[in-house]
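The block underneath contains the structure these notes are about, expressed in structure tokens.
Below, chain A is the first sequence line, B the second, and so on; all start at residue 1.
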Amino acid sequence: MRSVALNTARRAGRRRSRRFTRRDLVVLVVLLGIPVLLDIVIIWGPTLASIGLSFTSWDGIGDIHWVGGKNYQNLVDNYPPFWPAVRHNLLWLAFLGLIATPFGLLLAVVIDRGVRFSRFYQSTLYMPVVLSLAVVGFMAQLVLGTDQGVVNTVLNNHENPIDWLGDSDINIWMMMLAASWRHTGYVMILYLAGLKSVDPTLKEAAAIDGANARQTFFRVVFPTLRPVNVIVGVITVIESLRAFDIVYAVNKGRNGLELLSVLITDNVIGEASRIGFGSAIAVVLLTVSLGFIVTFLVQELRGARDR
Amino acid sequence: MSRRGLLRGAAVGAGALTLPALLTACGDGPGGDKKTVTVGSNSSDAVPKKAFAAAFTAYEKKSGKKVDVNTTDHNEFQTNITRYLQGTPDDVFMWFAGYRMQYFAEKGLLTDVDDVWKGFKGFSQALKDQSTHDGKQYFVPYYYYPWAVFHRKSLFDKKGYEQPKNWDDFIALAKQMHKDGTPVAFCDKDGWPAMGTFDYINMRLNGYDFHKGLMAGTEAWTDTKVKKVFDLWRELMPYYQKGALGRTWEEAAQGLQKRQTGMAVFGMPHPGQQFPENERADIDFFAFPEIDPQYGQDAVEAPIDGFLIAKKAKNVDAGKALLKYLGTPGAEDIYLAGDPNNVAVNDGADTSKYTPLQKKSAELVSGAKQISQFMDRDTRPDFAQTVMIKALQDFIGNPNDVDGLVNRIERQKKEIFSSAVS
């Protein structure tokens with residue numbers, strides 16, 4: 001019923017504004033047309049091209065040969081780094097989402113409480129956010145290097161140094177820690193802004209109702225942070241899917257640091273130029289991203305309807 | 001200034017910028033500058049960069065032309081080479097001999113330089129072969145550097161080590177070094193240094209022809225010959241320093257310099273660049289030891305660097321004139337005066353100023369029956385980059401699963417080599 005009412009309202013609105021002057025039309029075409037065109041050329045074009053190319057074999061120079069689904073079959077059966085890359089991507093997402101992001105929230109709450117030197121902590125924790133992830137990667141190498149790294153020097157285990165970056169069982173965790181160093185500060189600042197905008201009377205009301213600190217936070221404050229939660233969720237997913245710079249800076253994303261984005265680069269860019277095969281990996285990454293985007297949109301639309 | 005005026009100004013400005021570029025793009029249009037030759041350089045390291053600059057300055061003085069060098073970071077140049085050659089390449093560019101060059105020649109991205117080669121003297125047949133594809137020359141070699149087992153002379157003297165001739169002695173020496181607290185240096189974080197060891201064990205065990213076939217995709221990686229290579233390599237592994245996959249070649253060479261390790265399979269510039277100048281006389285090497293007497297120490301891995309002209313180069317004549325100069329012994333002498341970590345390719349080059357290490361390198365290569373170019377230069381780049389780097393790193397991480405490893409390589413090799421080159 002509600003949707004019918006909505007539709008008629010919308011139709012009525014449309015009828016009223018149908019009388020465009022020529023000038024309005026020009027403005028509309030220019031203002032809408034240019035962004036749409038750009039969107040098609042720089043976003044949809046390459047996306048569709050990747051999907052198309054993923055069914056071909058092309059070295060970037062010669063002819064493009066149609067190979068059907070062979071690239072995908074080859075990817076799954078025959079390309080050893082593929083499954084590790086998928087696993088690492090998911091692990092990265094889980095780590096940021098379940099550890100780094102909640103930790104950022106914790107820091108924000110603690111600082112918002114006004115612990116001593118909170119300004120100092122706030123700036124220190126935010127500082128890494130200005131760094132590019134690639135730079136974080138270079139710094140991680142200075143800290144974790146096998147022979148000359150700070151950690152091994154401090155541990156003074158010269159005889160038997162821990163191979164933080166070379167041991168494929170450890171290095172991914174080290175990289176996720178390094179990436180979290182930046183991510184936490186980012187999340188913290190977003191939540192701080194959100195917490196500042198929570199109406200203090202809500203907390204007062206909760207206090208009068210006899211809620212303790214934990215109840216106040218989880219039952220009253222946290223739900224009002226919903227818009228921030230959504231943004232943080234989106235940022236966490238984006239950050240983990242595009243984690244590329246840091247592993248590429250450290251060891252070109254090899255030997256334990258494989259990610260889908262790295263495999264795409266390895267195959268498409270460079271002398272290798274297996275563009276069709278690389279595109280197939282790109283399509284897999286696109287599908288993974290779409291999964292999150294669709295889930296997010298569905299959630300959002302449902303949320304909007306419930307409100 | 002009004003907004004409209006600003007826009008108009010910007011449009012005129014953009015036109016002024018693009019118009020000459022369009023004109024030069026028309027080849028020998030009025031913008032084409034015959035007096036300037038551009039060079040795309042991948043030698044971004046300080047020492048070779050300076051040495052190349054000296055050689056180009058000498059050419060400028062001699063010819064009255066101007067050499068415009070566009071230097072790109074070494075790895076970045078490599079990464080972008082396909083796009084570079086299809087875009088707007090410089091008149092002359094730096095690249096490598098062997099399959100890496102032939103691959104681009106096959107794809108029609110290079111200009112042949114037979115006519116320049118006709119005037120050359122002092123290049124051996126092996127060099128000519130490395131510069132040739134389908135009967136035509138595309139490459140002007142400039143210098144090479146051999147791979148061998150490098151070490152500190154003083155450390156060997158102090159500990160009484162002797163340079164081994166065969167595999168058993170080599171393993172015994174490695175074992176001793178490991179016991180003495182100076183293990184064998186090893187690194188593969190960069191993905192390529194370990195290829196040198198694989199190539200050498202393979203060529204000593206199975207011969208140069210097998211190496212060529214394996215790299216060309218005609219031999220099977222599942223062959224017992226290949227498995228034997230990995231088995232022999234595994235004998236050496238316990239005596240390596242730990243943590244190879246977290247160590248760059250620079251760090252490994254510095255370990256050698258600091259006497260923390262005893263020896264390393266390297267190319268000549270690797271220890272050369274990491275030793276301070278006053279300690280370079282202490283570097284020594286021996287040829288990779290013999291494994292099968294049938295092949296002895298016949299083959300030497302000695303990658304050759306040099307110059308080429310792209311098909312799309314604008315100023316081909318000026319490029320060829322520069323190549324003609326760079327192929328002379330004098331031009332190589334000027335370069336090597338600034339970079340003693342390489343060896344001249346031309347027989348006529350002045351060897352009197354060579355360091356003992358350079359002299360020994362020249363002897364090593366001139367005594368070789370075959371010259372290989374290193375795994376990633378002897379095979380298809382897509383195979384080397386996407387399959388072999390990971391395969392060798394996997395082997396270093398887990399040396400026990402050779403069967404699984406060679407099966408995975410072979411399956412991927414079949415897939416990659418089945419796609420046509422051109």
Side-chain angles (χ1 to χ4, degrees), chain A residues 56-63 65 67 70-71 73-75 77-81 84 141 144-149 152 157-171 174 250-258 263 265-278 281, chain B residues 75-76 78-83 85-86 100 103-104 106-109 181 187-191 241-248 250-252 254-255 258 260-261 376 380-387 389-391 393-394 396-398 404-405 408-409 411-412 414-416 418-422:
Chain A
T56 66
S57 153
W58 186 36
D59 57 16
I61 305 169
D63 301 330
H65 305 276
V67 295
K70 211 175 105 198
N71 284 331
Q73 196 200 346
N74 193 16
L75 185 64
D77 295 347
N78 220 355
Y79 191 53
Q141 296 192 68
L144 300 169
T146 314
D147 298 337
Q148 295 159 7
N152 276 337
N157 49 0
H158 211 79
E159 289 298 296
N160 204 357
I162 301 175
D163 196 4
W164 301 106
L165 300 173
D167 186 332
S168 52
D169 293 332
I170 314 178
N171 55 11
M174 292 299 118
V250 168
N251 66 1
K252 296 259 161 61
R254 295 171 187 143
N255 173 41
L257 298 187
E258 291 87 355
L263 301 188
T265 316
D266 268 356
N267 281 283
V268 173
I269 308 213
E271 279 177 82
S273 285
R274 297 169 79 189
I275 293 177
F277 187 64
I281 308 173
Chain B
N75 290 324
E76 201 175 313
Q78 229 149 295
T79 306
N80 289 324
I81 185 72
T82 323
R83 262 142 289 274
L85 292 178
Q86 293 184 89
R100 287 278 261 302
Y103 182 76
F104 292 122
E106 175 71 32
K107 290 181 182 250
L109 291 172
C187 59
D188 202 34
K189 188 178 173 200
D190 316 271
Q241 60 180 152
K242 279 188 185 137
L245 293 174
R247 187 178 297 111
T248 61
E250 286 94 340
E251 288 168 323
Q254 281 159 18
K258 289 184 195 149
Q260 288 163 351
T261 49
D376 70 0
R380 288 174 63 132
D382 40 9
F383 178 65
Q385 187 176 331
T386 65
V387 179
I389 290 178
K390 176 164 170 62
Q393 288 189 333
D394 282 354
I396 295 164
N398 170 23
L405 183 78
R408 287 197 297 274
I409 299 176
R411 280 209 308 273
Q412 294 181 82
K414 275 191 183 137
E415 175 56 40
I416 287 178
S418 70
S419 62
V421 169
S422 58

Portion of K414(B) that has a non-hydrogen atom of chain A nearer than 4.5 angstrom: neither
Closest approach of P80(A) to K390(B) (non-hydrogen atoms, all atoms of both residues): CB-CE, 3.8 Å
Rounded distance (nearest 0.5 Å) linking atom CG of D77(A) with atom CD of E415(B): 10.0 Å
Option that, when pairs with chain A are counted at under 4.5 Å, heavy atom only, ranks first among I396(B), N75(B), T82(B): T82(B)
R247(B) side-chain N/O to G145(A) backbone N/O, donor-acceptor pair under 3.5 Å: no
Under 4.5 Å from any heavy atom of chain A - which part of D190(B): backbone
Top contributor to chain B contacts, counting heavy-atom pairs under 4.5 Å, from N74(A), I269(A), N251(A): N74(A)
Nearest-0.5 Å distance that lies between atom NZ in K252(A) and atom OG1 in T79(B): 7.0 Å
Side-chain heavy atoms of R274(A) within contact of I416(B), under 4.5 Å: yes
Choice from L263(A), N255(A), L165(A) maximising heavy atom contacts with chain B below 4.5 Å: N255(A)
Toward chain A, the part of L85(B) with a non-hydrogen atom under 4.5 Å: neither
Any side-chain heavy-atom pair of R83(B) and S273(A) under 4.5 Å: yes
Residue selection (most heavy-atom pairs with chain A, distance under 4.5 Å) from K242(B), Q254(B), R408(B), K189(B): K189(B)
E251(B) side chain to T146(A) backbone, donor-acceptor under 3.5 Å: no
Residue D266(A) versus chain B: region with a heavy atom under 4.5 Å: both
Interface moiety of T386(B) toward chain A, non-hydrogen atoms closer than 4.5 Å: both
P161(A), part contacting chain B, at a heavy-atom distance under 4.5 Å: neither
Proximal component of Q412(B), with respect to chain A [non-hydrogen, under 4.5 Å]: both
Contacting moiety of Q260(B), where chain A heavy atoms sit under 4.5 Å: side chain
Chain A contact via L109(B) - which portion, at a heavy-atom distance below 4.5 Å: side chain
Rounded distance [0.5 Å steps], OG1 in T248(B) versus CD in Q148(A): 7.5 Å
Proximal component of N171(A), with respect to chain B [non-hydrogen, under 4.5 Å]: neither
Heavy-atom contact with chain A under 4.5 Å, split by part of Q78(B): both
